[in-house]
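In what follows, a single structure is set out as structure tokens and then discussed.
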Protein chains: 2
Amino acid sequence: MLSKKTQYAFHALIHLAERADQGPVLISEIAQEKNISIKFLENILLELKNAGMLGSKKGKGGGYYLLKPPKEIALAKIIRLLDGPIALLPCVSLNYYERCENCRDEAVCGLHEVMSKVRDASLKLLENKSLKDILTKNVPIPKLG
Amino acid sequence: MLSKKTQYAFHALIHLAERADQGPVLISEIAQEKNISIKFLENILLELKNAGMLGSKKGKGGGYYLLKPPKEIALAKIIRLLDGPIALLPCVSLNYYERCENCRDEAVCGLHEVMSKVRDASLKLLENKSLKDILTKNVPIPKLG
DNA sequence: TATTTAGTCTATAGTTTATATAGGTTTTAT
DNA sequence: ATAAAACCTATATAAACTATAGACTAAATA
């Protein structure tokens, strides 16, 4: 399962995507709309900002906003940023590979083979779907405030 | 990622499967062969026993053994037993469903839809592959001791 | 330009869950 | 009886999660 952090990040990013090009969005607005602890959300958005995914503006009229169009932000990228590996085992991770300490030879490990396939199947979806693809369907988004 | 517990369980079960019909296998043998802390492994095997997946025999000549043929133990079952949900989000889990607290309506949540597909893709593999399918390839298994 | 206000940024602390260890108890075979 | 093995309970350690307090920054306005 994805961590709470990543789950919240998804919902927050969806909210930001739905309000793209409408100027900075308040943390408090996202927190209220998505039912997330405002302070925890604060940390998450900051992490996303430091990773280059979000921009922010301080002071009155400030808030957070996407730095790229939603279409260009793959779901896989969000998961990797906050949760790390998408694979079920370290030894089949593309981006966070670690040698398996429990088997003598990965090349003949049957587990390795199956888990690689699971990873590929997941990645096929998560790499090709973007924030734009997961926006709330059939719902007009009013500007709050 | 799968928890350490589940990762260790997989390797232990593979070991047991490779020695099926050879009588009880010592915890210490598995621990040494798979490089797992013997005490942690003890807890894991006990949990698998209490869940009905393993049998055990106490005392001299004792150990653990599979209660069913490896072919009949699906990988998904092992994961669910120790790690819980296979899905990435609680709201798309088949066996551990929880309502999403962060979105107003699951029916129109785009995240829900994509994550359901990821779940299905993973399950297709994990439900259909068994312990038998992940045994070490091309390796004759000698009886130790 | 001083002040107020709205907001981000930083640090930290408490709580829970995951991982691991230690020691003692019970059962079984010989 | 003795030794070997699983079993049980308690505890220690580390990581993840949640929450809180206060510092800092930018904008608005008088």
>> What's the separation between atom CD in B:Glu18 and atom CG in B:Leu66, rounded to the nearest 0.5 Å?
In response: 11.0 Å
>> For B:Glu33, is there an ion pair with A:Arg104 - N to carboxylate O distance below 4.0 angstrom?
In response: yes
> Does a side-chain heavy-atom distance below 4.5 Å link A:Ile78 with A:Leu131?
Replying inline: yes
> Would you say the side chain of A:Met115 lies within less than 4.5 Å of the side chain of B:Leu126, judging by non-hydrogen atoms?
Replying inline: yes
Protein-nucleotide distance ([X], atom [atom1]; [N], atom [atom2]), rounded to Å:
{"X": "B:Met1", "N": "D:dA15", "atom1": "CE", "atom2": "P", "answer": "13 Å"}
{"X": "A:Tyr64", "N": "C:dA6", "atom1": "OH", "atom2": "C1'", "answer": "14 Å"}
{"X": "B:Glu29", "N": "D:dA6", "atom1": "CD", "atom2": "C1'", "answer": "15 Å"}
{"X": "A:Glu101", "N": "C:dT19", "atom1": "CD", "atom2": "C1'", "answer": "16 Å"}
{"X": "B:Glu47", "N": "D:dA6", "atom1": "CD", "atom2": "P", "answer": "17 Å"}
{"X": "B:Asn43", "N": "C:dG23", "atom1": "CG", "atom2": "C1'", "answer": "13 Å"}
{"X": "A:Lys58", "N": "D:dT25", "atom1": "NZ", "atom2": "P", "answer": "6 Å"}
{"X": "B:Glu42", "N": "C:dG24", "atom1": "CD", "atom2": "C1'", "answer": "12 Å"}

> side chain to side chain contact (heavy atoms under 4.5 Å, CB included) between B:Phe10 and A:Leu89: does it pass, once the steps are laid out?
Replying inline: CA-CA 11 Å; B:Phe10 268 116; A:Leu89 300 175; 5.6 Å; no
Over all strands shown, is [X] touching base, sugar-phosphate only, or nothing at heavy-atom distances under 4.0 angstrom?
{"X": "A:Lys5", "result": "nothing"}
{"X": "B:Leu46", "result": "sugar-phosphate"}
{"X": "A:Ser3", "result": "sugar-phosphate"}
{"X": "A:Leu45", "result": "nothing"}
{"X": "A:Lys39", "result": "base"}

Contact under 4.0 Å: [X] side-chain N or O vs [N] OP1/OP2:
{"X": "B:Ser37", "N": "C:dT19", "result": "no"}
{"X": "B:Tyr8", "N": "C:dA20", "result": "yes"}
{"X": "A:Ser28", "N": "C:dG7", "result": "no"}

> Starting at the 5' end of DNA chain D, which residue's closest nucleotide do you reach first, A:Ile38 or A:Leu2?
Replying inline: A:Leu2
Please determine, for the side chain of [X], which listed nucleotide ([options]) has the closest atom?
{"X": "B:Lys4", "options": "C:dA20, C:dA29, C:dT8", "value": "C:dA20"}
{"X": "A:Leu26", "options": "C:dG23, C:dG7, C:dA29", "value": "C:dG7"}
{"X": "B:Lys60", "options": "C:dT28, C:dT8, D:dC8", "value": "C:dT28"}

